[in-house]
Amino acid sequence: MADFFQTLLRGRPNGLRSRILGKITGARPADPTSAAGSTRREPPARAPDVHVEAAEKSMALHKEPPRDVTPPEGYEVVLHKDALEKGKIIEIIIGGTAIAIANVDGTYYATSNTCAHAEGPLGEGTLEGCIVTCPYHGWKYDVRDGSCKTNAYAKVATYPTQIVGNAVCVKL
Ligand code: FES
């Protein structure tokens, strides 16, 4: 509505009234392609691909496990392979069993989610290379074989993984 009255008073941005007004007041006629002569707010210029990448990453993180995949005998589809960034570990519950899935440079490893020390959730720990650190008291485990680097007598179970299409499959 404001645009209508503005056009009624000043004329169209490049129209005769607008040019005459511009000569009288010294103001330049409004550029119809800019928002300067209009009260309408144009959307800001889109920032380069940073936002697009962030949005794609965010979408990937919310990808559901693929349903169109037939896992190998004895395996279960647990995750879309793009749902877990390299260097990250997460907790997943399959059939009532909590496991931790780690992405080590594009290779996925599955271990028990339960720390041998006091049952801390390894899937909530931090991953550096192939070593996960328990969030509770800092015991460290190698996700490739479940060996504990803090206590030589401790170990967590590991499970075979396979990638089928976009699916990470785990055999429990
Ligand atoms: S529960 Fe994992 S270090 Fe203590």
Side-chain angles (χ1 to χ4, degrees), residues 2 33-36 38-172:
T33 60
S34 81
S38 167
T39 56
R40 186 183 307 155
R41 289 191 172 190
E42 298 295 326
R46 188 169 190 156
D49 298 322
V50 176
H51 297 297
V52 175
E53 283 172 24
E56 284 173 353
K57 219 175 239 181
S58 171
M59 283 172 66
L61 291 174
H62 294 98
K63 281 191 173 169
E64 295 292 321
R67 295 178 192 277
D68 58 344
V69 164
T70 304
E73 182 73 31
Y75 283 75
E76 291 190 52
V77 173
V78 296
L79 192 68
H80 191 291
K81 71 179 179 62
D82 294 336
L84 185 62
E85 291 177 63
K86 289 179 182 175
K88 299 289 182 190
I89 188 166
I90 57 166
E91 174 184 334
I92 290 182
I93 296 177
I94 311 174
T97 303
I99 63 171
I101 307 280
N103 181 346
V104 180
D105 287 329
T107 302
Y108 296 83
Y109 296 95
T111 69
S112 166
N113 189 55
T114 307
C115 177
H117 177 226
E119 301 184 352
L122 296 180
E124 294 177 22
T126 52
L127 188 68
E128 287 178 56
C130 54
I131 302 295
V132 61
T133 302
C134 178
Y136 282 9
H137 314 100
W139 281 28
K140 295 179 185 298
Y141 298 88
D142 189 326
V143 295
R144 295 171 299 180
D145 60 9
S147 62
C148 182
K149 302 303 174 190
T150 311
N151 179 340
Y153 298 103
K155 191 171 181 151
V156 291
T158 57
Y159 307 99
T161 62
Q162 275 193 36
I163 302 294
V164 181
N166 286 323
V168 179
C169 304
V170 175
K171 185 177 187 180
L172 290 181

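Atoms within a ligand are numbered from 1 in the order they appear, just like the ligands themselves. Keep in mind that what you see is a predicted model, and the values were worked out from it rather than measured.
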Legend entry - Asn113 side chain vs Glu91 backbone, donor-acceptor pair below 3.5 Å: no
Inset, instruction - Report the distance from atom CD1 of Ile99 to atom OG1 of Thr158, rounding to the nearest 0.5 Å. - result: 11.0 Å
Legend entry - Which of the ligand 1 atoms, numbered from 1, are nearer than 4.0 Å to a heavy atom of Gly138: 3 (S)
Inset, instruction - Output the list of atoms in ligand 1 that are nearer than 4.0 Å to some heavy atom of Gly120, sorted by atom number. - result: 1 (S)
Legend entry - No-hydrogen, no-angle side-chain donor-acceptor test under 3.5 Å, Lys140 and Thr133: yes
Legend entry - Opening angle between ND1 in His117 and ND1 in His137, taken at atom 4 (Fe) of ligand 1, to 10 degrees: 90°
Inset, instruction - Show which atoms of ligand 1 fall inside a sub-4.0 Å distance from at least one heavy-atom site of Trp139. - result: 3 (S)
Inset, instruction - Report yes or no: does Tyr108 contribute a side-chain atom to a donor-acceptor pair with the main-chain N or O of Lys81 at less than 3.5 Å? - result: yes
Inset, instruction - Nearest 10° is fine: what angle sits at atom 2 (Fe) of ligand 1 between SG from Cys115 and SG from Cys134? - result: 110°
Inset, instruction - Before giving the answer on side-chain contact (heavy atoms from CB on, under 4.5 Å), spell out for Gln162 and Tyr75 the whole-Å C-alpha distance, their side-chain angles and the decisive distance to 0.1 Å. - result: CA-CA 8 Å; Gln162 275 193 36; Tyr75 283 75; 3.5 Å; yes
